[in-house]
Amino acid sequence: MSAVWRAARAAVRRRRLQTVVIGLVVLFSTATIVVALRLLDASSAPFDRVFDEQAGAHVVAVVEPGSAGAGPRRPRRAVPWRSPGRSSRRC
């Protein structure tokens, strides 16, 4: 095995620029993979993670005792739903 190591060291000494470039490429590709995996972890199921951390109700309703049912209410007129892209006029 020592002959292989000697040949590898000799190649590194002869080709210093190529060795440095390959080292930088490996370094930057490793850093890119680490950042990508961290972003993937941070962006996966953010709402599920927050709900698990909250460990409580999703919605809380607060009603003041005096305002709930404090008198007769006027009935509202029903308004037909229209699609946002359609006008009321016919062509």
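All values below come from the heavy atoms of this structure, side chains included, with hydrogens, waters and symmetry mates left out.
- For the side-chain contact (heavy atoms from CB on, under 4.5 Å) with Leu24, the qualifying choice from Val26, Val21, Val20, Ile22 is Val20, the only one to do so.
- Atom CG in Asp41 sits 5.5 Å away from atom CZ in Arg38 (nearest 0.5 Å).
- Alongside Val34, the hydrophobic cluster contains no other residue (criterion: ILVMFWY side chains under 4.5 Å).
- Residue Leu37 shares its hydrophobic cluster (ILVMFWY side chains chained together at separations under 4.5 Å) with Ile33.
- With hydrogens and angles ignored, the 3.5 Å screen pairs a side-chain donor or acceptor of Arg49 with a backbone N or O of Ser44.
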